[in-house]
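Notes follow once the structure below has been shown.
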Amino acid sequence: RRDQLYSRRDGPSALDRKLTMRTANVFLRNDQAGVTVEFVALMPTFLFLTLFVCEIFIAVLWVGTVEKAAQLGARLAIVSNKAVINLPTDYTLRSSAYAYGQPCSAGACGTGGTGFTSRVSAGGSGGDCDGANFTTVVNRMRGIASIIQPSHVTITYTYVGLGFAGGPTIPSVQVRVQGVPYGTVTTTILARFMRLVTRNPAAASPLTNLPTITASFTGEDLSSAGAS
């Protein structure tokens, strides 16, 4: 008894070690909770992938919606009051070497035969932007895609050589939508992962914003007088 008492004080006895090993073996061989462990290990990954697929599907729907909004904005812009200032109403004659009525494609229109300088209306303020007319176009676009904000929209009037000297200005009107945010659960996680991997606090997931979408049409009367 005295030897056993000393052995217990000094450390685990052979009997204690035997019982411990037997208990460990029983625990390791017990597979009754194996399915539960696998479920707990795999469920977060499964949920993440499921949410990711659902959000990609929603993003594709938003891309289609924004595309239709851009097309509507361009169609409205070509028959509405110009969203820019300083865009000439009619083409001027290049020089006395040309005659009124000659086509712009022959170099008869504007200074140097370039018709007019391209005008850009971005964000609804500043530069060449006509705020009121710009807002009219954007509001119609937001009626289709509410996630669009004025800062995401750029309307550009570009000379393309259409029309004739002395005739009405006929630009190409392009509506561009870019930088529309699409921040959801999995895309936010991906953005944080990109920041961690690249060690760049400004890094973002490639799915944070929708892709840039543009729609272009040839200008018509550029006046709201005949639009309904």
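In this chain, numbering begins with 1 at the start of the sequence shown.
Considering CG of Leu210 and OG1 of Thr212, their distance stands at 9.5 Å, rounded to 0.5 Å. Taking CZ of Arg142 as the start and NE2 of His152 as the end, the distance is 9.5 Å to the nearest 0.5 Å. Of the inter-residue distances, the one linking Glu220 atom CD with Arg75 atom CZ reads 9.0 Å to the nearest 0.5 angstrom. To the nearest 0.5 Å, atom CD of residue Glu67 and atom CD1 of residue Ile213 are 6.0 Å apart. Considering CG of Leu93 and CD of Gln102, their distance stands at 8.0 Å, rounded to 0.5 Å. Going from atom OG1 of Thr50 over to atom CE of Met43 covers 7.5 Å, rounded to the nearest 0.5 Å.
Residues Gly73 and Val137 approach most closely at O-CG1, 3.6 Å, considering heavy atoms. Smallest separation of non-hydrogen atoms from Thr218 and Ile170: CG2-CG2, 3.6 Å. Shortest non-hydrogen contact noted between Ile148 and Ala69 is CD1-CB, 3.8 Å. Val120 and Thr154 get closest at one heavy-atom pair: CG1-CG2, 3.5 Å. Closest heavy-atom contact between Cys104 and Ala165: SG-N, 4.3 Å. Between Val153 and Phe134, the closest heavy-atom pair is O-CZ, 3.5 Å.
In this structure a side-chain-to-backbone donor-acceptor pair under 3.5 Å is missing from Tyr159 to Thr169. Side chain of Thr135 to main chain of Gly131: a donor-acceptor pair is present (N/O by atom type, distance under 3.5 Å, no hydrogens or angles). Put simply, the side chain of Tyr91 gets close to the backbone of Leu162: a donor and an acceptor are under 3.5 Å apart.
Between Ile155 and Lys82 there is no side-chain heavy-atom pair separated by less than 4.5 Å. Residues Thr156 and Val173 are not in side-chain contact: their nearest non-hydrogen atoms beyond the backbone lie 4.5 Å or more apart. Side-chain contact between Pro171 and Thr158 is absent, with no heavy-atom pair separated by less than 4.5 Å.
Residues Val66 and Leu72 do not share a hydrophobic cluster, defined by chaining ILVMFWY side chains whose heavy atoms lie under 4.5 Å apart. The cluster map of Ile, Leu, Val, Met, Phe, Trp and Tyr, joined by side-chain heavy atoms under 4.5 Å apart, puts Ile58 and Val180 in the same cluster.
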Query raised in the report: Can Asn81 and Ser223 be said to form a side chain to side chain contact (heavy atoms under 4.5 Å, CB included), step by step?
Result: CA-CA 4 Å; Asn81 294 333; Ser223 173; 3.8 Å; yes
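Shown here are the side-chain contact (heavy atoms from CB on, under 4.5 Å) partners of Thr65, two or more places apart in sequence or in another chain: Trp62, Ile144, Ala145. Annotation: side chain to side chain donor-acceptor pair (under 3.5 Å) contacts of Tyr100 (sequence neighbours excluded): none. Checked against side-chain contact (heavy atoms from CB on, under 4.5 Å), Ser172 has the following partners two or more places apart in sequence or in another chain: Val160, Ser216. Residues that satisfy the side chain to side chain donor-acceptor pair (under 3.5 Å) test with Arg94, not counting sequence neighbours, are Tyr98.
If you chain together ILVMFWY residues whose side-chain heavy atoms come under 4.5 Å of each other, Leu196 ends up in a group of its own.
Listed by first then second residue, pairs satisfying side chain to side chain donor-acceptor pair (under 3.5 Å) with a partner in residues 107-130 read Asp130-Asn133, not counting sequence neighbours.
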